[in-house]
Number of protein chains: 2
Amino acid sequence: MLGMLREPHSGYDIKKTFEKSLRSFWRAELSQIYPLLQKMEDEGLLTSKAGASEKGPTRRVYKRSAKGREQLQSWLLEGPVVGTERIGYLAQTYFLANLKDDDKAIEFMQDLRTYLSDWLASLEDAEDEWRANDPGYPDKLSDESFYPQLTLDMGLAKVRVGVEWCDRSIARIRDRQAKRNNA
Amino acid sequence: MLGMLREPHSGYDIKKTFEKSLRSFWRAELSQIYPLLQKMEDEGLLTSKAGASEKGPTRRVYKRSAKGREQLQSWLLEGPVVGTERIGYLAQTYFLANLKDDDKAIEFMQDLRTYLSDWLASLEDAEDEWRANDPGYPDKLSDESFYPQLTLDMGLAKVRVGVEWCDRSIARIRDRQAKRNNA
DNA sequence: TTTATCATGTAAATTGTTACATGATTTA
DNA sequence: TAAATCATGTAACAATTTACATGATAAA
């Protein structure tokens, strides 16, 4: 939130940024965002201003304070946040033998492959669009765009290996099935 | 937990499994595990038995019930759990421009690279040991070992791309620095 | 006139972390 | 005798999700 609030944005705007640019590695619901904005303002990390909106209720925009900027910097200086990932589909994969029907396991992997390849397609679309609209892509980007591009690069790499892994895994499950039927 | 409790294990055992075999994609603290075991027993998903231990307090082992087994299966049949990942270091990377000193960003990436390459080494060690002790590795594993091996395979692939991405990113930040100094 | 989008929030429940608290046995 | 490991748990707090609740405007 501190990272996004260099310029003033509403809770609704922040949600859109989560969905548009950060969804490869972070999500948050509006019901988490709104209370947190209030709490951060109480703590002096943000300031807010109410203003008219084109549609719907009054829009309240938040912006980080000097204290907020400092806190963001010290978070970055603390070093990489690691070791907290939880990947639900890998936890499931680990225990897939409990299905006791390899066809169900293949189905699981195919569903996962579909999800990941759709995701890959959407990242590739985002990259194509970026390349088409920004002549500096990817080697002459502004500071503001460069680091986000690094995360897109990682998103693409990560999702590609995910798809490959699904393909490899499906082939290996089939192979085991074939061996079992021969025996 | 349901996946692990096909055979009876204590909370302490479960914690060790998290640290040894699942830590690439899931972690849990003892202070979460113990209350959850009790809650799941209350819900009829687990049964427990107290027994003597070699050291320390009485050991209580839990095992899943028929209802627990069914719940595990229906979780697996619901399809892959996706879209919930939160990758802290990528959230930080996205906002690294806020450091306003590229050397600090390089340091960040180097720290991350160290973490990931240590992790890779430990996964490779685990694989080497597995290969040395199990003549069926990796193509003739039992059902019980096959799916866990798939998650190890993914862990290796994922961490390798992470290390490569760090290297690529460090080079690109340096490149930008050099261009800036020439200008 | 229905649906989508804009826009804000609260309430209840669940989940998870950090810190605290205890105590036995084995090994260095 | 100190540290490591085995082993269990509680308390306080923090974070997060799901469901609920409202209502305006614009486009199909």
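Predicted model only: the values in this text are computed from it and were never measured.
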Using a 6.0 Å cut-off, check whether atom NZ of B/K140 has over 12 heavy atoms from anything other than its own residue.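 No - once you tally the heavy atoms of other residues, nucleotides and ligands closer than 6.0 Å, there are 12 at most.
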Should we count CZ of B/R6 as having more than 12 external heavy atoms under 6.0 Å?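 12 or below, so no.
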Salt bridge check: are B/E85 and A/K158 linked by an N-O gap of less than 4.0 Å?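 So B/E85 pairs with A/K158 through a salt bridge.
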Charged N to carboxylate O below 4.0 Å: is that the case for B/K15 and B/E19?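 Salt bridge between B/K15 and B/E19, a charged N being under 4.0 Å from a carboxylate O: yes.
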Do side-chain atoms of [X] reach the backbone of [Y] as a donor and acceptor pair under 3.5 angstrom?
X	Y	result
B/R64	B/Q71	no
A/E144	B/A97	no
A/E127	A/L152	no

Using a 4.0 Å cut-off on heavy atoms, which residues in [range] reach DNA chain C? List them by number, or say none.
range	value
residues 77-92 of chain A	A/R86
residues 9-19 of chain A	A/S10, A/G11, A/Y12
residues 27-38 of chain A	A/L30, A/S31, A/Y34, A/Q38

Flag yes if [X] and [Y] sit in one hydrophobic cluster, no otherwise; membership is Ile, Leu, Val, Met, Phe, Trp, Tyr, and two members link when side-chain heavy atoms are under 4.5 Å apart.
X	Y	result
B/L46	B/V61	no
A/V161	B/V163	no
B/L123	A/Y94	yes

How many Å lie between CG on B/D42 and P on C/dT14, as a whole number?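 B/D42 atom CG is separated from C/dT14 atom P by 13 Å.
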Can you name the residues that form a side-chain contact (heavy atoms from CB on, under 4.5 Å) with B/F95, not counting sequence neighbours?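 Testing B/F95 for side-chain contact (heavy atoms from CB on, under 4.5 Å), a comparison that skips the adjacent residues, returns A/M4, A/L22, B/N98.
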Residue pairs involving residues 89-117 of chain B (criterion salt bridge (charged side-chain N to carboxylate O under 4.0 Å, His left out); sequence neighbours excluded):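 Non-adjacent pairs meeting salt bridge (charged side-chain N to carboxylate O under 4.0 Å, His left out): A/D143-B/K100, B/D102-B/R180, B/R113-B/D167.
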Using a heavy-atom cut-off of 4.0 Å to chain B, what are the terminal contacting nucleotides of DNA chain D, in 5' to 3' order?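 First-to-last contact on DNA chain D, by the 4.0 Å heavy-atom rule, is D/dT5 to D/dT17.
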